[in-house]
J.: 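Pasting a structure below so you can have a look.
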Amino acid sequence: MQDITVKEIFREAEQHLGKELRVSGWVRTLRDSKAFAFIELNDGTFFKNLQIVLEDKLGNFNEIVKLNVGSSLIVEGVLVKSPGVKQPFELQATKVEITGFSSPDYPLQKKRHSFEYLRTIAHLRPRTNTFSAVFRIRSLAAYAVHRFFQERGFVYVHTPIITGSDCEGAGQMFQVTTLDPGNLPRDEEGKVDYSKDFFGRMTNLTVSGQLAVETYCMAFRNVYTFGPTFRAENSNTPRHAAEFWMIEPEMAFADLQDDMELAEDMIKYLIRYCLENAPEEMEFFQKFLDRDLFAKLDNVVNSEFGQLTYTEAIEILAKENPGFEYPVEWGCDLQTEHERFLTEKVFKKPVFVTGYPKEIKAFYMRLNDDQRTVAAMDLLVPGVGEIIGGSQREERLDKLEQRMAELGLKQEDYWWYLDLRKYGGTVHSGFGLGFERFIMYITGITNIRDVISFPRTVRSAEF
RNA sequence: UCCUCGAUAGCUCAAUGGUAGAGCGCUCGGCUGUUAACCGAGUGGUUGCUGGUUCGAGUCCAGCUCGGGGAGCCA
């Protein structure tokens with residue numbers, strides 16, 4: 001008797017036909033008749049189920065057919081070709097051991113459930129087809145991220161999750177403290193005395209690993225972070241979560257053009273990897289979530305990404321204005337409607353927009369020679385809009401200090417960041433990719449809550 | 001945070017201001033190859049919460065809570 005997974009059976013069915021096998025898993029559905037019954041068993045290793053055929057000569061037949069969906073079993077039997085059209089083979093059971101009963105109130109029915117309902121049972125939803133596919137893809141994509149960078153010699157850096165810099169500037173932060181909120185220590189002025197806190201200073205959860213990873217960039221040349229990020233923004237949208245994962249590569253001796261090439265290669269690599277290594281899951285998304293998914297992804301993989309400057313983008317948008325809700329003029333930030341028009345209608349493929357006005361971008365982006373734009377790039381993709389944001393960093397100490405002064409940022413708060421420019425600073429560039437946004441893009445899932453196992457959003461941390 | 005739509009059985013949804021329903025699920029029975037199995041019977045409700053209008057409110061009004069979508073912020 002050979003223990004085997006459902007995945008192995010599906011991948012090498014021919015060599016297992018006629019053999020005695022033992023599988024174990026959970027009942028997805030059960031259909032019974034007087035003298036026989038069918039169980040679709042999912043063992044967790046594969047997207048598809050194995051059909052088990054039971055005959056009433058099994059000793060515990062009557063007990064088995066009364067099982068509720070969700071029960072766990074160990075099944076022994078012979079793999080045979082199936083006369084049914086929906087599956088090429090099935091396991092003719094010779095012995096069924098019940099290892100865990102379910103109950104009639106099992107919340108997952110055999111029919112389709114709404115995503116909203118499944119969010120209320122987040123601990124059970126990975127047992128559904130959709131979430132089984134989503135989270136297998138998520139795992140695979142995470143592995144592909146590491147493969148992509150490791151193959152290219154990038155060093156994976158774990159930047160801190162608790163940060164002492166209260167000025168990362170990318171958004172509202174969650175404070176980390178061991179102080180008792182009901183009994184805060186105060187200084188002479190009545191302000192909270194953070195010298196009494198755990199770290200002896202105010203600390204928060206990170207909103208970006210970028211500033212920290214730049215320090216390792218100046219030592220290891222090509223580096224990346226891939227970890228959790230936290231934003232305390234009161235955002236109520238299908239694209240925002242309070243806790244999400246970001247991928248942030250950073251390259252020394254690399255300019256904005258190198259940065260864009262890396263971004264394009266990475267996006268194509270990740271999509272190809274998922275298509276090749278999870279074809280059943282990807283077909284499921286194409287069939288049930290987005291009929292245009294494969295066409296959309298093929299277009300990304302097979303086209304050379306477009307490129308234009310912000311100034312050119314504004315000219316095109318102003319000229320072809322199809323009735324935008326927001327006015328278009330030089331200096332304004334591009335709205336989602338503008339981004340999508342550019343990538344979907346004008347270019348019909350992914351496109352990089354570069355050279356944004358310095359006023360609408362972060363302080364660390366490199367000032368261009370025109371003195372009014374910075375070496376920033378956003379990657380826009382059809383169906384979503386912005387998916388990657390990056391830049392060449394300002395490596396010139398005087399220019400960086402000047403920009404920080406303009407924005408009222410205190411140099412002492414960034415002393416170690418400025419040191420990177422003082423001691424052997426060089427041209428360097430990087431970008432950020434929201435991992436969940438990417439997972440949404442390749443699966444066709446439209447709500448970020450459905451690509452995170454236990455999503456944290458405003459007023460929601462049930463699980 | 002703003003705009004907008006919504007909340008009725010376990011789930012998905014019906015119900016002119018006048019007796020709260022269906023399908024699915026679940027339970028029981030039937031059925032010798034099922035595929036969201038099928039057939040029959042049964043089970044199922046503080047209509048999100050609080051108040052108001054009315055002879056009468058699931059339905060109209062107000063506030064609140066929660067959820068969907070859009071916007072802003074952004075990834």
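Lettering of chains follows the sequences in order, A, B, ..., and the numbering in each one begins at 1.
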J.: On RNA chain B, compare the nucleotides closest to Ala242(A) and Gln51(A); which residue's is nearer the 5' end?
T.: Gln51(A)
J.: Below 3.5 Å between N/O atoms, which protein atoms pair up with nucleotides 24-30 of chain B? Just atom names and distances, please.
T.:
{"from": "rU27(B)", "atom 1": "OP1", "to": "Asn68(A)", "atom 2": "ND2", "distance (Å)": "3.1"}

J.: Kindly say whether the aromatic ring centers of Phe435(A) and Phe244(A) come within a distance under 6.0 Å.
T.: no
J.: Find the distance Leu124(A):CG to rC11(B):P and express it as a whole number of Å.
T.: 14 Å
J.: Checking all strands, does Gln87(A) fall into the base, sugar-phosphate, or nothing category for heavy-atom contacts under 4.0 angstrom?
T.: base
J.: Using a 4.0 Å heavy-atom cut-off across all strands, classify His240(A) as base, sugar-phosphate, or nothing.
T.: base
J.: When rounded to the nearest Å, what value does the distance between C1' atoms of rG25(B) and rG68(B) take?
T.: 24 Å
J.: Using the P atom on both, measure rG6(B) against rG17(B) and round to a whole Å.
T.: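 15 Å, rounded to whole Å.
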J.: Under 4.0 Å, counting only non-hydrogen atoms across every strand here, what does Ile448(A) touch: a base, just sugar-phosphate, or nothing?
T.: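 The residue Ile448(A) makes base contact.
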J.: Using a heavy-atom cut-off of 4.0 Å across all strands, would you classify Phe36(A) as base, sugar-phosphate, or nothing?
T.: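 The residue Phe36(A) makes sugar-phosphate contact but no base contact.
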J.: Using a 4.0 Å heavy-atom cut-off, does Glu90(A) contact any base of the nucleic acid, only the sugar-phosphate backbone, or nothing at all?
T.: base
J.: Picking from rC31(B), rA71(B), rG33(B), which would you name as closest to the side chain of Ser82(A)?
T.: rG33(B)
J.: Could you measure between the two C1' atoms, the one in rU16(B) and the one in rA57(B), and give it in whole Å?
T.: 14 Å
J.: Assign Tyr117(A) to base, sugar-phosphate, or nothing according to its heavy-atom contacts below 4.0 angstrom with the strands shown.
T.: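 Counting heavy atoms under 4.0 Å across all strands, the contact made by Tyr117(A) is with sugar-phosphate only.
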J.: Rounded to the Å, how far apart are Asp56(A) CG and rG33(B) C1'?
T.: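 So the CG-C1' distance, Asp56(A) to rG33(B), works out to 14 Å.
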J.: Taking the P atom in each of rG52(B) and rG10(B), what is the distance between them to the nearest angstrom?
T.: 28 Å
J.: Roughly, in whole Å, what's the span from CZ in Phe38(A) to P in rU32(B)?
T.: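 Value for this atom pair: 13 Å.
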J.: Expressed in angstrom and rounded to an integer, what is the separation of Phe244(A) atom CZ from rC73(B) atom C1'?
T.: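 Whole-Å distance recorded here is 12 Å.
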J.: For nucleotides 64-69 of chain B, list the nitrogen or oxygen atoms of the protein found under 3.5 Å from its nitrogen or oxygen atoms, one pair per line.
T.:
{"from": "rG68(B)", "atom 1": "OP1", "to": "Arg119(A)", "atom 2": "NH1", "distance (Å)": "2.8"}
{"from": "rG69(B)", "atom 1": "OP1", "to": "Asn447(A)", "atom 2": "ND2", "distance (Å)": "3.3"}
{"from": "rG69(B)", "atom 1": "OP2", "to": "Asn447(A)", "atom 2": "ND2", "distance (Å)": "3.4"}

J.: On a whole-Å scale, what distance lies between the C1' atoms belonging to rA9(B) and rA20(B)?
T.: 10 Å
J.: With heavy atoms under 4.0 Å as the rule, sort Ala37(A) into base, sugar-phosphate or nothing.
T.: nothing
J.: Using a distance-only criterion (donor-acceptor N/O pair, under 3.5 Å, no hydrogens), is the base of rC73(B) paired with the side chain of Ser235(A)?
T.: yes
J.: Can you tell me how far C1' in rA22(B) sits from the matching atom in rC64(B), rounded to whole Å?
T.: 32 Å
J.: Assuming nearest nucleotide by heavy-atom distance, tell me which of Asp333(A) and Gln92(A) is located more 5' along RNA chain B.
T.: Gln92(A)
J.: A side-chain contact here means heavy atoms from C-beta on lying under 4.5 Å apart; do Thr443(A) and Gln286(A) qualify?
T.: no
J.: Pick base, sugar-phosphate or nothing for Ser114(A), based on heavy-atom distances below 4.0 Å to the nucleic acid.
T.: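 Contact class for Ser114(A): sugar-phosphate only.
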J.: When the C1' atoms of rU65(B) and rG29(B) are compared, how many Å lie between them, rounded to an integer?
T.: 45 Å
J.: Classify Phe230(A) by what it touches in the nucleic acid, base, sugar-phosphate, or nothing, heavy-atom distance under 4.0 Å.
T.: nothing
J.: For nucleotides 39-44 of chain B, tabulate all protein N/O to nucleotide N/O atom pairs closer than 3.5 Å, reporting atom names and distance.
T.:
none

